[in-house]
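Shown next, in structure tokens, is the structure this report addresses.
Basis for what follows: all heavy atoms, side chains included, without hydrogens, waters or symmetry-related copies. Quick note on labels: first sequence line is chain A, next is B, and so on, each numbered from 1. What you see is a predicted model, and the numbers here were worked out from it, not measured in a lab.
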Amino acid sequence: MKEETRLLIQIPRGTYDVLPDESAVWQKIEETARKVCALFNYKEIRTPLFESTDLFQRGVGDTTDIVQKEMYNFKDRGDRSLTLRPEGTASVVRAFVEHKLYGLPNQPAKVYYIGPMFRYERPQSGRTRQFTQFGIEALGSQDPSIDAEVIALAMTFYQSLGLKKLKLVLNSLGDPESREAHRNALIAHFKPSIGEFCEDCQNRLEKNPLRILDCKKDHNHPLMETAPSIIDYLTDSARDYFSHVKEMLDEMGITYELDPTLVRGLDYYNHTTFEIMGSSKGAITTLTGGGRYNGLVSELGGPETPGVGFALSIERLLLALEVENISLQSEGALDCFISSIGDEAGKKASVILYELRQAGLRADKDYMDRKVKAQFKQADRDHAKFVIVIGDEELEQQKAVLKNMADGTQEQVAFVSLADFIKSKISSGV
RNA sequence: GCGGUUAUGGUGAAGUGGUUAACACACCGGAUUGUGGUUCCGGCACGCGUGGGUUCGAUCCCCACUAACCGCCCCA
């Protein structure tokens with residue numbers, strides 16, 4: 001006994017099991033995602049869970065935390081360096097380039113994916129080492145209306161699940177030219193007084209001054225408010241693009257908040273970036289992150305191709321649903337439960353059970369050798385609409401007792417006509 | 001990677017340095033013959049995360065480890 005305890009193998013850190021009572025919610029969410037994607041004409045793409053490590057180093061960016069300290073990488077037996085995907089966009093772009101999807105007549109290529117991602121992090125609320133993302137990508141168009149479409153799809157998805165407390169936050173990082181000008185302005189702004197900031201911010205000054213604006217410790221420093229905003233450094237064309245996106249959203253009636261400090265963590269973003277925030281108990285409220293990434297396809301060896309997309313976490317969605325008290329449970333009611341008394345009746349029950357199932361009825365029976373009373377309890381737990389009772393008398397007469405669990409009425413039905421009888425009862429809306 | 005909190009049966013949880021580890025829920029069984037969601041009765045941890053130590057004796061004291069939860073960093 002003690003040995004067993006010692007040998008108990010536990011689930012890996014930062015992972016979790018979706019148990020039988022919980023899986024219906026996941027199925028509901030995934031089904032909703034697929035439906036919404038169909039409405040917007042996005043098709044599913046399925047890529048491997050692991051890829052060449054190089055893909056993420058180049059795609060996500062060498063300086064990002066994801067690449068520097070969060071990747072699950074390993075060598076395979078052929079000494080190749082592989083990595084469990086930390087996000088989906090790099091893989092989608094890789095597939096787009098590798099299969100030359102840019103050559104297809106249907107442009108832009110509009111795809112979605114749902115699946116697990118892996119990041120080696122300290123688990124906490126809304127953060128696990130294996131987590132699930134639903135994401136979409138639209139590759140090949142730089143029409144601002146596709147930026148708006150991507151955002152609209154995410155909002156539609158959440159709304160179809162009943163979420164109300166959503167906040168869309170919008171920003172533009174502009175083109176490379178805009179970003180460089182803004183970066184220089186930020187460094188010039190903070191450098192003289194950088195000593196007054198926290199250690200993290202001092203490190204950020206040269207590496208990524210944009211991040212200083214995100215800092216929670218130095219949030220109240222006077223220089224924060226007066227910091228140069230990216231908006232003021234956008235080139236004319238970048239500004240023009242952004243206002244088109246906003247205009248589309250306005251006309252669609254999608255409300256948003258502008259946040260010039262919104263910086264996304266992956267290197268490939270430019271122009272439109274957005275986050276959708278939800279109400280949450282914990283510190284993490286970001287449900288979705290997304291934006292435009294015009295340089296990524298060429299960075300990964302494809303032709304110069306614009307792209308835009310988002311990724312959202314199902315785990316965080318679940319948290320948001322909980323906060324808003326939304327239950328997606330659909331009852332998995334059993335059509336019929338067979339209760340039997342005695343060995344002979346038990347055998348007959350198995351046969352009838354099989355016949356019911358062949359006839360398309362969701363049915364089950366007792367396998368625990370329980371008493372009739374306990375079998376009824378089981379039927380009740382399974383929300384069975386009908387219970388069939390088979391004992392010696394029923395065997396003799398070749399007729400079963402059929403009980404309607406909703407109103408408690410019983411009647412005798414011949415074994416051979418049980419399936420048809422129950423089906424007609426159910427279809428007539430018992 | 002850093003910090004805080006916690007770790008008792010299927011679940012939620014009480015508890016004490018020393019014979020039988022509360023209670024509730026769930027589950028199983030019973031309350032006259034083969035029937036559910038109510039009621040009543042009974043059963044259900046040779047064990048208190050793992051490994052050490054202190055002690056005559058530890059689930060309760062100390063140490064380490066592991067894990068979970070929460071926060072920081074960063075992100076979905």
Is [X] near enough to [N] that one of its side-chain N or O atoms lies under 4.0 angstrom from OP1 or OP2?
{"X": "Thr286(A)", "N": "A76(B)", "result": "no"}
{"X": "Gln124(A)", "N": "G71(B)", "result": "yes"}
{"X": "Arg122(A)", "N": "G1(B)", "result": "no"}
{"X": "Lys371(A)", "N": "G30(B)", "result": "yes"}

Whole-angstrom distance between [N] and [M], as gauged at atom [atom1]:
{"N": "C41(B)", "M": "A24(B)", "atom1": "P", "answer": "10 Å"}
{"N": "G52(B)", "M": "U59(B)", "atom1": "P", "answer": "13 Å"}
{"N": "C25(B)", "M": "C61(B)", "atom1": "C1'", "answer": "33 Å"}
{"N": "A45(B)", "M": "U66(B)", "atom1": "C1'", "answer": "22 Å"}

Any N or O donor-acceptor pair under 3.5 Å from the base of [N] to the side chain of [X]?
{"X": "Arg119(A)", "N": "A76(B)", "result": "yes"}
{"X": "Gln10(A)", "N": "U66(B)", "result": "no"}
{"X": "Glu121(A)", "N": "G1(B)", "result": "no"}
{"X": "Lys403(A)", "N": "U35(B)", "result": "yes"}
{"X": "Arg316(A)", "N": "C75(B)", "result": "yes"}

What is the separation between atom NZ on Lys373(A) and atom P on G42(B), rounded to the nearest whole Å?
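Value for this atom pair: 16 Å.
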
Atom CZ of Arg381(A) and atom C1' of G10(B): how far apart are they, to the nearest Å?
13 Å

Of all the nucleotides listed (C74(B), A68(B), U35(B)), which has the minimum atom distance to the side chain of Phe376(A)?
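My answer, after comparing the listed nucleotides, is U35(B).
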
Could you tell me whether Lys348(A) and Glu344(A) have a side-chain N and a carboxylate O separated by less than 4.0 Å?
no

Examine the side chains of Thr89(A) and Glu137(A) and answer whether a donor and an acceptor come within less than 3.5 Å of each other.
yes

For the residue pair Gln412(A) and Gln397(A), what are the closest heavy atoms and their distance?
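In this case the closest contact between Gln412(A) and Gln397(A) is NE2-OE1, 3.8 Å.
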
